[in-house]
Amino acid sequence: DAKTTQPPSMDCAEGRAANLPCNHSTISGNEYVYWYRQIHSQGPQYIIHGLKNNETNEMASLIITEDRKSSTLILPHATLRDTAVYYCIVRVSSGGGADGLTFGKGTHLIIQP
Amino acid sequence: GAVVSQHPSRVICKSGTSVKIECRSLDFQATTMFWYRQFPKQSLMLMATSNEGSKATYEQGVEKDKFLINHASLTLSTLTVTSAHPEDSSFYICSASGTTYGYTFGSGTRLTVV
């Protein structure tokens with residue numbers, strides 16, 4: 001799986017949009033971009049994933065650049081409960097597979113009241 | 001949505017004893033389950049992959065005789081930490097593969113060995 005690079009931490013004001021960047025310059029054509037988050041002392045939670053088109057669900061939006069070398073996760077109206085470590089993961093396959101996920105260090109997003 | 005239940009959420013055991021952690025997929029069948037370990041302020045590290053009805057595959061550096069994994073059914077995998085020592089104290093998390101968008105994680109087990 002391709003390597004990803006994320007800033008170690010970010011702050012965002014409550015109610016504002018949180019934009020979390022991820023670089024994945026070595027991504028292959030068949031690799032998807034996944035985002036998970038981990039709230040303190042809990043298991044990771046799936047947020048969203050995409051291949052090349054922008055995606056949106058009830059939790060977030062995923063913007064993938066045209067060259068697919070980077071992406072941005074957008075939480076449109078951040079709340080205090082969005083404080084967590086956010087992991088950007090690149091992997092082949094859009095579904096579950098036989099291989100576990102490789103977690104980097106992620107971005108610790110802190111929502112400020 | 002897909003739910004993975006992990007128990008216990010927290011356990012304290014004496015050094016030298018064994019501890020079993022259960023991971024259940026509640027509303028889907030998981031042919032493959034994964035076990036991760038997370039030390040404080042670090043990321044999740046994959047320990048092993050278990051497939052229903054077969055032996056688990058362990059990552060390099062993980063002792064298979066110490067971390068016993070059983071995946072006897074499509075909805076249950078267990079991790080037993082044998083002869084636990086204080087350095088085994090960690091946050092253990094299971095994950096199941098079998099949903100349309102990939103992996104669902106349990107809520108984790110905080111193991112403290114005293």
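The basis for the numbers below is simple: all heavy atoms, side chains too, and nothing from hydrogens, waters or symmetry mates. Because the structure is predicted, anything quoted here is derived from the model rather than measured.
- A donor-acceptor contact shorter than 3.5 Å is absent between the side chain of T72(A) and the backbone of N19(A).
- Contact count against chain B (heavy-atom pairs under 4.5 Å) is highest for P44(A) among P44(A), G43(A), G106(A), G104(A).
- Counting only residues at least two apart or in different chains, ring-ring contact (aromatic ring centres under 6.0 Å, His included) contacts with residues 60-97 of chain B are absent.
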Checklist line | Test log, rule side-chain hydrogen bond (donor to acceptor under 3.5 Å, both in side chains), inputs T65(A) and D67(A) | finding: CA-CA 5 Å; T65(A) 58; D67(A) 63 8; 2.8 Å; yes

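- Ion pairing between a basic and an acidic side chain is recognised when a charged N comes within 4.0 Å of a carboxylate O; D88(B) and K66(B) show such pairing.
- Only the side chain of Q38(A) comes within contact range of chain B, with heavy atoms under 4.5 Å apart.
- Using a 4.5 Å cut-off between heavy atoms, T49(B) contacts chain A through its side chain alone, with no backbone atom that close.
- Looking at Q38(B), only its side chain comes within 4.5 Å of chain A, counting heavy atoms on both sides.
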Checklist line | Stepwise ring-ring contact (aromatic ring centres under 6.0 Å, His included) test for F105(B) and Y36(A) | finding: CA-CA 10 Å; F105(B) 288 81; Y36(A) 286 80; 5.6 Å; yes

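- Both the backbone and the side chain of L44(B) come within less than 4.5 Å of a heavy atom in chain A.
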